[in-house]
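The structure under discussion appears below in the form of structure tokens.
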Amino acid sequence: MTNNSNLPKTQPNKNRGEAAMDSGLQSDQKTATTERKCETWLSRPVPRVKRHSLPQLTAVETEPSTQCPQCHSMTTNTALIFNSYVCPHCDHHLAMTARERLADFLDQVEQELGQQFHAGDPLTFVDSKPYPQRMQQMQEKTGESEALIVFKGKLGKMDVVACAFDFRFMGGSMGSVVGDRFVQAAEVALEQKIPLICFAASGGARMQEGVLSLMQMARTAAAIERLRLAGVPYIVVLTNPVYGGVTASLAMLGDIHIAEPKAMIGFAGKRVIEQTVRQTLEEPFQRAEYLLEHGMIDQVVHRHQLNDTVHRLLAKLMPS
């Protein structure tokens, strides 16, 4: 037998096309080698750093922004200010501070009232901290001295007195100073025969002042009655939220009651009522639309139409 392992190995023959391709590649490599040898440092390309293109940042990523609590979309604070703090995506009405609301409502501010009133500590009340210490912290946090701000100014060409609760200040709770400022606002409106407008946003009476805070319900109600007897219009704008002693007094004693869309309005909270009646209260219980349907308020007005609506109503209520 013949041993095939000792026979020389034969390779398959290449066709003519493959042979021509190999010869062409060899000639190209020789040419490239010759060119590199003839190349000088002056003719070499200058190496550069490759620049990575950065994504263009949007305004929301570069400016201070706020997230809508309803649709969770981000909107720049500048856009919110120009849109009266109404979400441009879902039309939700965001909270406003008292000064922002009055600045947006009035065309001209002439005077601030009630700055001479300051809260004391008649009961030396202490909960988790002393009342004076809590007041100081709220003043540093909000930049305000109390929960109610009162301005005298112009709405269009009409002289008005406007006051607004600041919910950031202890939940807009009504204490002695809030009562003092509201009564002074009513007295100025009565003396000058000009309308009084109140933007209510409160959790109720201030427990740290005990019965003194409850007395403000009677004081404010008496001041409003004097306006009614003199024929001076008093309009209440109910914002989100309004509860407790404020609802039981000055917030429900107006000649006309206007509410912002979906504002929560009531005396006791929804959970308290559910625990009392042992029933689940579905939406829109205590919403502005629910109160309008049941005759508790007169109108639900979008914030963008609020100024014109109030001005139109006052023009009809004021004697010519």
Side-chain angles (χ1 to χ4, degrees), residues 84-85 93 95-114 144 146-167 172 174 178-202 216 219-242 246-247 249-261 263 265 288 296-319:
S84 299
Y85 287 91
H93 287 47
M96 300 177 71
T97 68
R99 291 190 183 273
E100 288 170 341
R101 188 173 290 278
L102 293 178
D104 185 67
F105 177 70
L106 296 174
D107 295 301
Q108 181 180 341
V109 177
E110 298 177 352
Q111 183 183 3
E112 183 172 357
L113 305 175
E144 303 292 351
E146 256 296 345
L148 186 71
I149 307 298
V150 183
F151 283 165
K152 178 181 177 294
K154 288 184 179 294
L155 179 62
K157 296 182 180 180
M158 187 182 301
D159 292 319
V160 297
V161 177
C163 57
F165 283 81
D166 197 326
F167 195 77
M174 181 169 64
V178 171
D180 290 335
R181 291 185 178 183
F182 184 87
V183 170
Q184 185 185 29
E187 289 176 348
V188 171
L190 180 63
E191 180 184 353
Q192 301 184 17
K193 303 294 181 183
I194 58 178
L196 174 62
I197 302 100
C198 177
F199 292 87
S202 176
Q216 309 312 312
R219 291 185 65 205
T220 55
I224 294 169
E225 178 64 13
R226 293 178 63 193
L227 291 175
R228 187 187 68 82
L229 295 175
V232 177
Y234 170 53
I235 293 181
V236 181
V237 180
L238 301 162
T239 66
N240 185 51
V242 187
V246 173
T247 303
S249 57
L250 61 92
M252 284 295 177
L253 295 176
D255 298 312
I256 296 177
H257 297 92
I258 300 173
E260 289 188 336
I265 305 163
M296 293 295 294
I297 60 177
D298 299 300
Q299 283 182 288
V300 176
V301 180
H302 193 282
R303 193 175 288 172
H304 292 166
Q305 284 79 47
L306 186 60
N307 294 17
D308 293 336
T309 301
V310 173
H311 186 275
R312 185 175 65 254
L313 292 172
L314 290 176
K316 295 179 178 180
L317 293 174
M318 289 296 292

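Predicted model, so just to flag it, every value in this text is computed and none were measured.
- For A98 against I149, the heavy-atom pair with the smallest separation is CB-CG1, 3.6 Å.
- Between the side chain of T247 and the backbone N or O of V242, at least one donor-acceptor pair lies under 3.5 Å.
- Across all non-hydrogen atoms, the minimal contact from M174 to S202 is N-OG, 4.4 Å.
- Side-chain atoms of L253 and E225, non-hydrogen and from C-beta on, never get closer than 4.5 Å to each other.
- Atoms CG and NZ, on L314 and K316 in that order, are 11.5 Å from each other to the nearest 0.5 Å.
- With D107 contributing its side chain and G156 its backbone, the two residues share a donor-acceptor pair below 3.5 Å.
- You'll find the ring centres of F105 and F199 inside the 6.0 Å limit.
- A185 and L113 get closest at one heavy-atom pair: CA-CD1, 4.5 Å.
- Heavy-atom minimum distance, L238 versus A263: O-CB, 4.0 Å.
- Here the side chains of I265 and M296 are not in contact, with every heavy-atom distance at 4.5 Å or above.
- Within 6.0 Å of CE in M158 there are more than 12 heavy atoms belonging to other residues, nucleotides or ligands.
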Can H304 and S84 be said to form a side chain to side chain contact (heavy atoms under 4.5 Å, CB included), step by step? CA-CA 7 Å; H304 292 166; S84 299; 4.1 Å; yes

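- Under the side-chain hydrogen bond (donor to acceptor under 3.5 Å, both in side chains) test applied with T97, the options R99, R101, E100 reduce to a single match, E100.
- Ionic pairing of E144 and R181 is not present here: no N-O contact between side-chain nitrogen and carboxylate oxygen is shorter than 4.0 angstrom.
- Although no hydrogens or angles enter the test, the distance criterion places a donor-acceptor pair under 3.5 Å between the side chain of H93 and the main chain of R303.
- Without hydrogens or angle criteria, Q108 side chain to K154 main chain gives no donor-acceptor distance under 3.5 Å.
- Taking each heavy atom of T239 and A201 in turn, the nearest pair found is OG1-CB, 3.2 Å.
- The CD1 atom of I256 lies 12.5 Å from the OH atom of Y234; values are rounded to the nearest 0.5 Å.
- You'll find the side chain of V188 reaches within 4.5 Å of the side chain of Q192, heavy atoms only.
- For D298 (side chain) and I258 (main-chain N/O), no donor-acceptor pair under 3.5 Å exists by modelled atom type.
- Proximity of R312 to T309: side-chain heavy atoms (C-beta onward) are separated by under 4.5 Å at one or more points.
- Of the inter-residue distances, the one linking M96 atom CE with E260 atom CD reads 8.0 Å to the nearest 0.5 angstrom.
- Taking NZ of K193 as the reference point, atom CG of L227 lies at 9.0 Å (rounded to 0.5 Å).
- Residues L250 and I224 approach most closely at CA-CD1, 3.7 Å, considering heavy atoms.
- D166 contributes atom CG, which lies 10.5 Å from atom CD of E146 (distance to the nearest 0.5 angstrom).
- Taking SG of C163 as the reference point, atom CD of Q184 lies at 11.5 Å (rounded to 0.5 Å).
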